[in-house]
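Attaching a single structure in structure tokens format; questions to follow.
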Amino acid sequence: MLELRNVVKVYGKNVRAVDDVNLELPSGVTALIGHNGAGKTTLMQMIATIARPTGGQILLEGVDIVKQPDAMRARLGFLPQDFGVYPNLSALEFMQYFAALKGVRDPARIRRLLELVNLHDHADRQAAGFSGGMKRRLGIAQALLNDPDVLIVDEPTAGLDPEERLRFRHLLSEIGLRKLVLLSTHIVSDIENMAGRLAVMNQGRLVACDTPDSFVQRARSQVWSVTVPTQDYERLSAGLQVLQAQRHAEGVTLRIAHPTAPLAGALPAEPTLEEALMTQRYAVRERQDLAA
Ligand code: ATP
């Protein structure tokens, strides 16, 4: 179990990149989501002990890893957002290099990991010729060398093609069956397909943490569907939080986030996870507007 208590990171004089975050992470996959600049990377870097919190505690099985970073480092696998492979090394050489750095002396483990990430057939190829997905998979393989209990991956599926994304999700879900996996993503289908928990950040704050189903449940009765004549669309939708607008022969079908029926004839609609998250975002923005 990983526990964050009142974690704060301030850059310079007043950029509160992470602002009083309290979070408990059991094993399984947790996805961290939020707009660019919400504080996801900073939070992950603090958990990975490569950035020091300005305040608060981060506890791994009760041990404060801010004071004792080695307690985390010995059990951590980390794939940063900008992880680069060395183009002149083959996949095997790359793994051997990292194994030596991490003090892993088991050649069979390297082979097993290359198989796990489905790169064993490419073990002797130079990484320079690898696709984005293959490089990310090699990045994961190096992160797993020390058989970590905690795996942190920053935007693992960014820039991958759909097939590679699928493979990558499958791999991370499998790892999440036994380990604590924390990943950040902007892609809702990543969450739908692998994350058991979802932590939403906004302007450095953790605004919600729950299962994807609970997000959808909370958004029920907040999402409405209504079809309006095309010529009235702009007038009727002005000022409303339109989640989706689909034009067709009969007019425009709108899906709208609203606490009550926003227009005559609007019917409650079953929210998708993406809509539930958008609804949540609107709710956060409204609370901020009210506070301002
Ligand atoms: P993205 O999705 O774009 O990666 P993020 O949610 O990971 O964004 P962070 O990269 O953690 O967000 O940034 C949070 C805030 O902290 C932003 O305002 C950013 O400009 C600021 N920030 C991040 N790193 C530094 C730094 N080293 N020095 C100063 N400010 C920083």
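Fair warning: this is a prediction, and the values are worked out from it, not measured in the lab.
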Identify each donor-acceptor pair in which a side-chain atom of residues 225-239 lies under 3.5 Å from a protein atom, sequence neighbours left out, and give them as a table.
| from | atom 1 | to | atom 2 | distance (Å) |
| --- | --- | --- | --- | --- |
| Thr227 | OG1 | Thr253 | OG1 | 2.8 |
| Ser237 | OG | Tyr233 | O | 2.8 |

Query raised in the report: Restricting to pairs with a member in residues 141-153, which pass side-chain hydrogen bond (donor to acceptor under 3.5 Å, both in side chains), not counting sequence neighbours?
Result: Arg75-Asp149, Lys102-Gln142, Asp147-Lys179

Requested in this report: Measure the acute angle between the ring planes of Tyr97 and Tyr86, then classify it against the limits of 30° and 60° as parallel, tilted or perpendicular.
Outcome: perpendicular

Query raised in the report: Should Leu273 and Ile191 count as side-chain neighbours, where that means a heavy-atom distance under 4.5 Å?
Result: yes

**Report entry** Asp70 side chain vs Arg73 backbone, donor-acceptor pair below 3.5 Å
**Finding:**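 Flag not set: sc Asp70 to bb Arg73 has no pair under 3.5 Å.
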
Query raised in the report: Yes or no on side chain to side chain donor-acceptor pair (under 3.5 Å) for His258 and Gln222, after CA distance, side-chain angles and deciding distance?
Result: CA-CA 5 Å; His258 206 269; Gln222 306 272 326; over 6 Å; no

Report task. With sequence neighbours left out, write down each residue that passes salt bridge (Lys or Arg N to Asp or Glu O under 4.0 Å) with Asp20, or none if nothing qualifies. Result ->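 Expected list: none.
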
Query raised in the report: When rounded to the nearest 0.5 angstrom, what is the spacing between CZ in Arg137 and CG in Leu119?
Result: 5.0 Å

Query raised in the report: Among all residues two or more places apart in sequence or in another chain, which pass the side-chain contact (heavy atoms from CB on, under 4.5 Å) test with Val66?
Result: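 Val66 satisfies side-chain contact (heavy atoms from CB on, under 4.5 Å) with Arg52, Pro53, Ile58, Asp64 once adjacent residues are dropped.
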
Query - Audit row: Thr41, Gln45, side chain to side chain contact (heavy atoms under 4.5 Å, CB included) steps and yes/no - result: CA-CA 6 Å; Thr41 296; Gln45 287 177 343; 3.6 Å; yes

Throw together a table of side-chain donor-acceptor distances under 3.5 angstrom for residues 206-215, partners on residues two or more places apart or in other chains.
| from | atom 1 | to | atom 2 | distance (Å) |
| --- | --- | --- | --- | --- |
| Asp210 | OD1 | Ser214 | OG | 3.2 |
| Asp210 | OD2 | Arg218 | NH1 | 3.1 |
| Thr211 | OG1 | Ser214 | N | 3.1 |
| Thr211 | OG1 | Ser214 | OG | 2.7 |

Report task. Would you check if Val85 and Leu89 make a side-chain contact, meaning some heavy-atom pair closer than 4.5 Å? Result ->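 Heavy-atom side-chain distance check fails, nothing below 4.5 Å.
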
Query raised in the report: Does the side chain of Met72 come within less than 4.5 Å of Leu2's, by heavy atoms?
Result: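 Side-chain contact under 4.5 Å: yes.
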
Report summary line: Between the CG atom in Leu23 and the OG1 atom in Thr30, the distance rounded to the nearest 0.5 Å is 7.0 Å

Query raised in the report: Could you give the distance from CZ (Arg165) to CZ (Arg167), rounded to the nearest 0.5 Å?
Result: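 Result: 13.5 Å between the selected atoms.
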
Query - Atom of Leu172, atom of Val29 and distance for their closest heavy-atom approach - result: O-CG2, 3.8 Å

**Report entry** Side chain proximity check, Leu43 to Leu4, heavy atoms < 4.5 angstrom
**Finding:** yes

Query - Co-members of the apolar cluster containing Trp224 [side chain, <4.5 Å] - result: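 Same cluster as Trp224: nobody, lone residue.
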
Requested in this report: Would you mind reporting whether Met1 and Leu180 have side-chain heavy atoms less than 4.5 Å apart?
Outcome: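 Leu180 does not reach Met1 side chain to side chain.
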
Query raised in the report: For the residue pair Leu145 and Ala99, what are the closest heavy atoms and their distance?
Result: CD1-N, 3.6 Å

Report task. Identify the two heavy atoms, one from Ala31 and one from Ala195, that lie closest to each other, and give their separation to 0.1 Å. Result -> CB-CB, 3.7 Å

Report task. Indicate the atoms forming the closest heavy-atom contact of Ala127 with Lys135, along with that distance. Result ->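 Minimum heavy-atom separation between Ala127 and Lys135: O-CE, 3.6 Å.
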
Query - Which residues share a side chain to side chain donor-acceptor pair (under 3.5 Å) with Arg169, sequence neighbours left out - result: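 With neighbours one apart ignored, the set is Ser189, Asp190.
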
**Report entry** Full working for side chain to side chain donor-acceptor pair (under 3.5 Å) between Glu155 and Thr185
**Finding:** CA-CA 5 Å; Glu155 298 208 25; Thr185 184; over 6 Å; no

**Report entry** Test item: Met194 and Leu183 side chains (from C-beta on) under 4.5 Å apart, heavy atoms
**Finding:**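 Yes, close enough: below the 4.5 Å cut-off.
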
Query - Side-chain donor/acceptor of Arg125 to backbone N/O of Gly129, under 3.5 Å - result: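 Yes; at least one donor-acceptor contact below 3.5 Å.
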
Query - Heavy-atom neighbours of His170 NE2 exceed 12 at 6.0 Å - result: no

Query raised in the report: For the residue pair Ile47 and Ile65, what are the closest heavy atoms and their distance?
Result: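 For Ile47 versus Ile65, the nearest heavy atoms are O-CD1, 3.5 Å.
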
Query raised in the report: Say you draw a straight line from CD of Glu192 to CG of Leu198; how long is it, rounded to the nearest 0.5 Å?
Result: 10.0 Å

Requested in this report: Kindly write out the residues that satisfy side-chain contact (heavy atoms from CB on, under 4.5 Å) with Glu3, not counting sequence neighbours, or none if the list is empty.
Outcome: Arg5, Glu24, Leu59

Query raised in the report: Is the backbone of Ser90 close enough, under 3.5 Å, to the side chain of Glu93 for a donor and an acceptor to pair up by distance?
Result: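 Yes; judged by distance alone, with no hydrogens or angles, the pair exists.
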
Requested in this report: Applying side chain to side chain contact (heavy atoms under 4.5 Å, CB included), run through Val21 and Arg205 and close with a yes or a no.
Outcome: CA-CA 6 Å; Val21 166; Arg205 291 195 160 254; 5.8 Å; no

Requested in this report: Find out whether Pro26 and Arg197 are in side-chain contact, i.e. whether some heavy atom of one side chain is under 4.5 Å from a heavy atom of the other.
Outcome: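 Contact flag for Pro26/Arg197 side chains = yes.
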
Query - CE on Met44 to CD1 on Ile152, rounded to 0.5 Å - result: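 If I round to the nearest 0.5 Å, the distance is 6.5 Å.
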
Query - Single-linkage hydrophobic cluster, 4.5 Å side-chain cutoff, Val188 and Leu32 together - result: no

Query raised in the report: CD of Glu274: more than 12 outside heavy atoms within 6.0 angstrom?
Result: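 Open: at most 12 neighbouring heavy atoms sit under 6.0 Å from CD of Glu274.
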
Query raised in the report: Are Leu113 and Val181 co-members of a hydrophobic cluster defined by side-chain heavy atoms under 4.5 Å apart?
Result: yes

Query raised in the report: So do the side chains of Gln57 and Asn6 get within less than 4.5 Å of each other, counting heavy atoms only?
Result: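 Heavy-atom side-chain distance check fails, nothing below 4.5 Å.
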
Query raised in the report: To which residues is Val8 joined in a hydrophobic cluster, defined by side-chain heavy-atom contacts under 4.5 Å among Ile, Leu, Val, Met, Phe, Trp and Tyr, whether direct or through other members?
Result: Val10

Query raised in the report: Can a salt bridge be assigned to the pair Glu115 and Arg111 using a cut-off of 4.0 Å between side-chain N and carboxylate O?
Result: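 Arg111 and Glu115: not salt-bridged.
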
Query raised in the report: Taking only residues two or more places apart in sequence, or in another chain, which ones meet Leu267 in a side-chain contact (heavy atoms from CB on, under 4.5 Å)?
Result: none

Query raised in the report: If Ile, Leu, Val, Met, Phe, Trp and Tyr residues are connected whenever their side-chain heavy atoms lie under 4.5 Å apart, and connections chain through other members, are Ile140 and Val150 in the same group?
Result: no

Query raised in the report: Which atom pair, heavy atoms only, marks the closest approach of Pro271 to Val223?
Result: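 It is CB-CG2, 3.8 Å.
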
Query - salt bridge (Lys or Arg N to Asp or Glu O under 4.0 Å) contacts touching residues 250-269 (sequence neighbours left out) - result: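 Output for this query lists Arg255-Glu275.
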
Query raised in the report: Hydrophobic cluster mates of Val15, side-chain heavy atoms under 4.5 angstrom, ILVMFWY only, any path?
Result: Tyr11

Query raised in the report: Are Arg16 and Asp19 close enough for a salt bridge, meaning some N to O gap below 4.0 Å?
Result: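 A salt bridge links Arg16 with Asp19.
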
Query raised in the report: Got a second to check how far Leu138's CG is from Phe98's CZ, nearest 0.5 Å?
Result: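 One finds 8.5 Å between CG of Leu138 and CZ of Phe98.
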
Requested in this report: Start with the C-alpha distance between Ile33 and His186, add both sets of side-chain angles, then the distance that settles side chain to side chain contact (heavy atoms under 4.5 Å, CB included), and finish with yes or no.
Outcome: CA-CA 6 Å; Ile33 66 159; His186 287 284; over 6 Å; no

Query - Stepwise side chain to side chain contact (heavy atoms under 4.5 Å, CB included) check, Leu151 with Leu182 - result: CA-CA 6 Å; Leu151 179 66; Leu182 179 64; over 6 Å; no

Query raised in the report: In this structure, are over 12 heavy atoms from other groups packed under 6.0 Å from Glu270 atom CD?
Result: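 Above 12, so yes.
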
Query raised in the report: Got a donor-acceptor contact below 3.5 angstrom from the Lys40 side chain to the Val200 backbone?
Result: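 A pair under 3.5 Å: no.
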
